[in-house]
Protein chains: 2
Amino acid sequence: MSPRSSRPGSRPATIIDVAEAAGVSRQTVTRAMNDMPGIKEATKERVLAAAKELAYRPSRFGRGLVGHTQRTVGLVVDDLMNPYYPELASAVVSSARERGWNVVLAQTAKAADQYSLIADLAKQADVVVGYPALTDTQAQEVLAGVPFVRIDMGEYTYGGGVQMDVGDAMGDMADHLLERGSRRPVLLDVGLPGFPSARGKSFLAAMAARGVQVPTVSAATKSLSSGVAGANALLEAHPDVDAIMTFNDIVACGALKALHEAGVDVPGQVRLAGCDGLNLGRFVSPELTTLAVDMGAVAEAAVGMALAMYAGEVPLQGARAQVAHHLLVRAST
Amino acid sequence: MSPRSSRPGSRPATIIDVAEAAGVSRQTVTRAMNDMPGIKEATKERVLAAAKELAYRPSRFGRGLVGHTQRTVGLVVDDLMNPYYPELASAVVSSARERGWNVVLAQTAKAADQYSLIADLAKQADVVVGYPALTDTQAQEVLAGVPFVRIDMGEYTYGGGVQMDVGDAMGDMADHLLERGSRRPVLLDVGLPGFPSARGKSFLAAMAARGVQVPTVSAATKSLSSGVAGANALLEAHPDVDAIMTFNDIVACGALKALHEAGVDVPGQVRLAGCDGLNLGRFVSPELTTLAVDMGAVAEAAVGMALAMYAGEVPLQGARAQVAHHLLVRAST
DNA sequence: TTGAAAGCGCTAACAC
DNA sequence: GTGTTAGCGCTTTCAA
């Protein structure tokens, strides 16, 4: 039977309880619990025994209050079920741990109220990093005074930001597809028709610069099912397509499913490329060629920036970092 | 320019600094910061202005110390890059948030020292849940006194546990494959040849009970690449195979890749099934039939149990819960 | 080797 | 409506 459950209803033991039980001062308990020098072995053991007996756990609040040493980064993601976010989260956790920081995780997709979710997070964390589903104005309200780094900030401006611009890499992708022999590439973008995404624009521009006019089909959302539907629409509109550049790897997976269903060989008949460089791209067959971004670098940039803001080495507003994509050729092209 | 960065080197403002700056008592600052009643609007605004000016952020330690209200569950996963863990993490975060708890995340795969990683986590969290890569003995050392629930505990015994036994569902899977016409199914297990996994045994038993003797091939690890290699070995050893039951969805994805490479149609020539019910199974084509487990239920069970242990309603040792798998038929069979 | 005193930042309870 | 007091649990002095 556990000590805790053997004393039902009793409040958690404090350092004083242990001190009394062991017949020593609080300070001696501290010394015993924290492996500090200057305590006789026998005393230490006695204290430890008392602590165990009472199921004593030092309060992290008491501890945190005195030694300002327990630091936490709040990570906001949309939805861990979306294969993109775990890769980011994994990298952020690693970066944070390396610096001795903890990570508390908040997921906006499943939250009733984004606003209060982030507000709560801001109270538990020393800095906030990630993808809050908030406007600049909202973010400013909720996060006033909290070092905040938005990842992939796009048009947002409040706080610090890490940009992942596809930039030059899109040129490499265009070159690659053309070298592979594509003559009639099509862009499978995301969003409303007529409103190309930044990525989409970048691809169109890169192709145009190479003398190729690329038609666009738009999937409704960045989801797998939209990818399927979008690719089907694309095949209908452009039956002679020989390469598809997609908004991201998830949409590309959807497109790959649609192509399989339609009996179209990839990359034999149609070459297919994604964007983001998700590990997911290696689970499908053929493996996805993609414009990859180094998530480790993104996380390092974001965590590093947030911590610098926390340390006051960088202003809370305006810091920017950039991480480049690079062409990752796999089997689908 | 931010208030913080405009006062470089100064320690963070405390409630006292704000009180002095606004010419009020600490208590009034508390009232203003926490939207408490009994404060004149004008005073409140003055206090808030002072707080903003000083970049004041209430210390969560001071707060936590007085109102015992800030609770945290520590979640241990192996590696978020493994598609299994994000699904668990997502569900745990949701379950925890519903109860007003935070989640701090620890990832063992990328940690130099598992032991101290978990030890640290135990200091930051009120309960620990997940997959620590520790023996029972180690767990007991590190987590002494901390409510701890191991998910998928297998042979472990320390602390509480949530079991995900494949049980009856494996019978459904066997029935399903046989109904679909399979006569020469093969098990693609994981681990050392001759040492079938619990899941593997369960499948063999279910098939044996139906009068079918199933040969086994073992993949080295639970990874994608092992799945590919294992499936290739399987095809070589059993060229007439007509159905493959795999250890889990990840291995199944690997097998699917190998089958595609080999020009084997799924499910036309070979039916393929996985286990776990990962969302990943919907990204591949054909989508994977699988023995799914409801991660929401697993998370609920684990978090609920841990919180009950924390509340002293359940002993720290010996609590068990069980979540059943169920057959999820998709296109691969 | 041990203990006593002081204080970390905050809020609940009670005065005024 | 506002201030005062007390105390949350811990560790860092400093003294014995």
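Hydrogens, waters and symmetry mates play no part in the numbers below; they use all other heavy atoms, side chains included. Please read all numbers here as calculations on a predicted model, not as lab measurements. Lettering of chains follows the sequences in order, A, B, ..., and the numbering in each one begins at 1.
A:Val323 pairs in a side chain to side chain contact (heavy atoms under 4.5 Å, CB included) with only one of the listed residues (A:Val298, A:Ile151, A:Asp165), which is A:Val298.
A:Tyr56 meets the ring pair (Phe, Tyr, Trp, His ring centres under 6.0 Å) test with no other residue; sequence neighbours excluded. Scanning for ring pair (Phe, Tyr, Trp, His ring centres under 6.0 Å) contacts around B:Phe61 gives an empty result, with sequence neighbours left out. In terms of the side-chain contact (heavy atoms from CB on, under 4.5 Å) criterion, residue partners of A:Ala109 (sequence neighbours excluded) are, by chain and number, A:Asp78, A:Asp79.
Between the side chains of A:Gln124 and A:Thr72, no donor-acceptor pair of N or O atoms lies under 3.5 Å. A side-chain donor-acceptor contact under 3.5 Å links A:Tyr310 and A:Arg71.
At the phosphate of D:dT2, neither OP1 nor OP2 sits under 4.0 Å from any side-chain N or O atom of B:Ser25.
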Task: Contact letters for nucleotides 6-16 of chain D, in which S counts primed atoms plus P, OP1 and OP2 and B counts the base, heavy atoms under 4.0 Å - done: B-BBBBB----

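B:Lys40 has its NZ atom 10 Å from the C1' atom of D:dT2, to the nearest Å.
Between A:Asp120 and B:Arg97 there is a salt bridge, since a side-chain N of the basic residue sits under 4.0 Å from a carboxylate O of the acidic one. Between B:Glu300 and B:Arg99 a salt bridge is recorded (basic side-chain N to carboxylate O distance below 4.0 Å).
Within the 4.5 Å cutoff, side-chain heavy atoms of B:Asp126 are placed close to those of B:Trp101.
Along DNA chain C, the stretch of nucleotides lying under 4.0 Å from any heavy atom of chain B spans, 5' to 3', C:dG9 to C:dA13.
Here the shortest heavy-atom pairing between A:Pro86 and A:Asn82 reads CD-O, 2.9 Å.
Overall bending of the helix from C:dT1-D:dA16 to C:dC16-D:dG1, expressed as the angle between end axes built from five pairs apiece, is 40° (10° steps).
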